[in-house]
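Comments concern the structure below.
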Amino acid sequence: MSKVPVMEIFGPTIQGEGMVIGQKTMFVRTAGCDYSCSWCDSAFTWDGTGKEMTKQMEAEEIWNELTSLGGEGFSFVTISGGNPALLKNLSFLIDLLKSNNIKIGLETQGSKWQDWFLQIDELTLSPKPPSSGMVTDFEALDMIINNLSEGQTTQNTSLKVVVFDDEDYNYAKKVHHRYPHIPFFLQVGNENNKTSDNLKLVSLLLQKYEWLINKTMLDHECKDVKVLPQLHTYIWGNKRGV
Ligand code: MET
């Protein structure tokens, strides 16, 4: 069986987060997660509510769906979840995308390793701060970052921590100082991931972005970092499939 559980395929759109923010991309969202973050914006991938939407798909089927949606208008595919790093079989999709000259971005919390990480062009490791309710396995993250550093590839890796409060910010600093050579991104957390009142949401998110920027600018212990909004929420709010 070379199938993987797919929750949704959409695009073209832009990547709203992290190292390739603004990148035109297609998205493949896999089902299943080893985490259950309190503020997860894609809880339907793991809480049972998206069960009917989940399809076991072969790499070729995923590719067909991508090309039927995006035609010849894309050269980048982002794989997210859930935690796609639970799926060994994603190697088939990754090989197929590569053979079609497609660049690949992948989002994971950095709790599990897969050998195919070495083939990802833009890999975001996003360990979760205390507000998520999750506890980071730093041994696993150390191992992943070591494996990636040893791999002789053109692969790019970054770390991204979502920040909701002061405690999260301190956690983010700890992560950055543990892996100072990895490009580091701080991202504004979205506390209101259910609301459809976009004007109110954007105004709150802008305030939180300003708070995070001010905090970082005044902090002499945080120098080589990038502070980003979750861009897609400023445009589409909590809407899915964009
Ligand atoms: N679980 C992955 C991550 O933490 C994918 C996005 S989270 C909904 O980056």
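Counting starts at 1 for both ligands and their atoms, in listed order. Atoms considered below: every heavy atom in the structure, side chains included; atoms not considered: hydrogens, waters and symmetry mates.
For the pair F10 and L69, the tightest heavy-atom approach, listed with the atom from each and the gap, is CA-CD1, 4.0 Å.
Annotation: cation-pi pair R240/F44 present, NZ/CZ under 6.0 Å from the ring centroid and within 45° of its normal. A cation-pi arrangement, defined by a distance under 6.0 Å to the six-membered ring centre and an angle within 45 degrees of its axis, is absent between K128 and Y35.
Among protein heavy atoms, the minimum distance from atom 4 (O) of ligand 1 is reached at K128 NZ, 2.6 Å. Closest to atom 5 (C) of ligand 1, if we only count protein heavy atoms, is G82 O, 3.2 Å.
Numbered from 1 in the order shown, with element, the atoms of ligand 1 that lie under 4.0 Å from a heavy atom of T108 read 2 (C), 3 (C), 4 (O), 9 (O). For ligand 1, the atoms lying closer than 4.0 Å to a non-hydrogen atom of D41 are 8 (C). Within ligand 1, counting atoms from 1 as listed, the ones closer than 4.0 Å to a heavy atom of S126 are 9 (O).
Shown here, atom 1 (N) of ligand 1 is in close reach of the protein: a heavy atom of it lies under 4.0 Å off.
Comparing heavy-atom distances from atom 8 (C) of ligand 1 across G81, S80, C37 singles out G81 as nearest.
When heavy-atom distances to ligand 1 are checked against a 4.0 Å cut-off, T124 has no atom that comes that close, whether in backbone or side chain.
Within 6.0 Å of the NZ atom in K112, the count of heavy atoms belonging to other residues, nucleotides or ligands does not exceed 12.
A side-chain donor from one of D168 and S131 sits under 3.5 Å from a side-chain acceptor of the other.
Aromatic ring orientation, W39 versus F164: parallel (interplanar angle below 30°, classes split at 30° and 60°).
Backbone and side-chain nitrogen or oxygen atoms of Q109 are examined, and one is located within less than 3.5 angstrom of a nitrogen or oxygen of ligand 1.
Of the candidates V188, N170, L186, V227, L186 is the only one forming a side-chain contact (heavy atoms from CB on, under 4.5 Å) with V163.
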